[in-house]
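Okay, so here's the structure we're looking at.
All values below come from the heavy atoms of this structure, side chains included, with hydrogens, waters and symmetry mates left out.
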There are 2 protein chains.
Amino acid sequence: MNRPIDFYFDFSSPYAYCASTRIDALGAEFGREVDWHPILLGPVFKQMGVAPLVDVPIKGQYALHDFARTAALFDIPYSHPERFPVATIGAARAMLWIDAQHGPAKAREFAHAVYRAYFAEGRDISQPEVVLAEARGVGLDAEALAQGMQQDDIKAALKSGIEAATARGVFGAPFIFIDDEPFWGFDRFDYIRKWLQRREQGAAT
Amino acid sequence: MNRPIDFYFDFSSPYAYCASTRIDALGAEFGREVDWHPILLGPVFKQMGVAPLVDVPIKGQYALHDFARTAALFDIPYSHPERFPVATIGAARAMLWIDAQHGPAKAREFAHAVYRAYFAEGRDISQPEVVLAEARGVGLDAEALAQGMQQDDIKAALKSGIEAATARGVFGAPFIFIDDEPFWGFDRFDYIRKWLQRREQGAAT
């Protein structure tokens, strides 16, 4: 039995958005489920003492260009958000509550909707009403979610999830572990493919 | 006539080393020559106020692992240097002198030898005698080079080459421009391929 792939993402990361459109297909190629783990990059960067990518001089300008270009090259709908980055704590908590109440398939459906809303449809997912509208759009009870995402156990689950991620070495998004092999970035998808193919062939890499 | 691809690299960058083994083939696929531009990342990082990758907590550890893994996945000989990173000003100046005296083909041959020496053969390319030995190995007069690489015009050429690179937006290595489209990283080679293919097909990306 293959262990699931662990997929860490922040709803405000363009490269993680790109990855979210491909990660399940990548897992399926190699007979692996994917566990989706929403995290927040804010606390992660704070702990590392680094600035968000777009705030780095020169590199930030390149990144803005590369986000849109990457999406275009992979035929992923993309329109750079007017407000960027935004707080995604609400969306992340909502996903954890949906996962706990309705299972991972529904949580993933919600995640796709949130990503599309932010990166393709110009909606500000830092606003609770936007998060709730996306939940409603995938058939969920928005009132129950509004209460659920405020529960202490959900807040604690996100906090401990982020702590567990950083303890494991996560320092950006998307971040992927296959067994315990770490891969950072949507641009590592082909590397993952090569790595898994060699593994299946029993080669040491 | 297609404009040449501009390839910026530091002799101490593992990802640029990987790129150096593939860039000419990539150019050839699309009928483009490649202009090789040695630069130094030290002054570039200083100007940006950022730390070298391996000095960043957590990310640095990942990078060390990713260097070797990337090389392995692409069948590029790699053995992480005992001293890393090292000063590459001598190697860069040497390459500029060789290019001026013997043309780009010989300069490229020398660059491949220097990269191999550092990343595959455990030699410390910050040492002038190592640089000279690699030059001798590709049939060059090491004594002439020893003098040539100290010439004021060569020193000035490296300095102005780095200034031109940063003015153009170079903030890391490998850094590649195709016409004026910037690509940062060995992990952008497939993106470059997609981008050029779409361009040939006349698509707007």
- request: Just jot down the salt bridge (charged side-chain N to carboxylate O under 4.0 Å, His left out) partners of A:D24, sequence neighbours excluded, or say none.
  value: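 A:D24 satisfies salt bridge (charged side-chain N to carboxylate O under 4.0 Å, His left out) with A:R108 only.
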query: Is the NZ or CZ atom of A:R69 both under 6.0 Å from the centre of the six-membered ring of B:F183 and within 45° of that ring's axis?
result: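 Geometry flag: set, cation within 6.0 Å and 45°.
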task: Indicate, with yes or no, if the rings of B:W36 and B:H112 have centres closer together than 6.0 Å.
output: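 Yes; B:H112 has its ring centre under 6.0 Å from that of B:W36.
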field: Under 4.5 Å from any heavy atom of chain A - which part of B:F186
entry: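 When you check distances to chain A, atoms from both the backbone and side chain of B:F186 fall under 4.5 Å.
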task: Please look at B:Y191 and chain A and tell me whether the side chain, the backbone, both or neither of the residue comes under 4.5 angstrom of a heavy atom of that chain.
output: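 B:Y191 touches chain A through backbone and side-chain heavy atoms alike.
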task: Return the option, out of A:M48, A:Q197, A:R188, with the maximum number of heavy-atom pairs under 4.5 Å with chain B.
output: A:R188
message: For the interface with chain A, which of B:Q47, B:E181, B:Q61 has the highest count of heavy-atom pairs at distances below 4.5 Å?
response: B:E181
- request: Tell me, out of B:T166, B:V50, B:D75, who's got the most heavy-atom pairs with chain A below 4.5 Å.
  value: B:D75
Distance in Å, B:L26 CG paired with B:I192 CD1, rounded so as to fall on 0.5 Å steps: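 Atom-to-atom, B:L26:CG and B:I192:CD1 are 5.5 Å apart.
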message: Taking side chain as everything from C-beta outward and backbone as N, CA, C, O, which of these in A:Y78 sits under 4.5 Å from a heavy atom of chain B? Side chain, backbone, both or neither.
response: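 Neither part; nothing is under 4.5 Å.
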query: Is there any salt bridge (Lys or Arg N to Asp or Glu O under 4.0 Å) pair reaching into residues 40-59 of chain A, and which pairs are they, with sequence neighbours excluded?
result: none
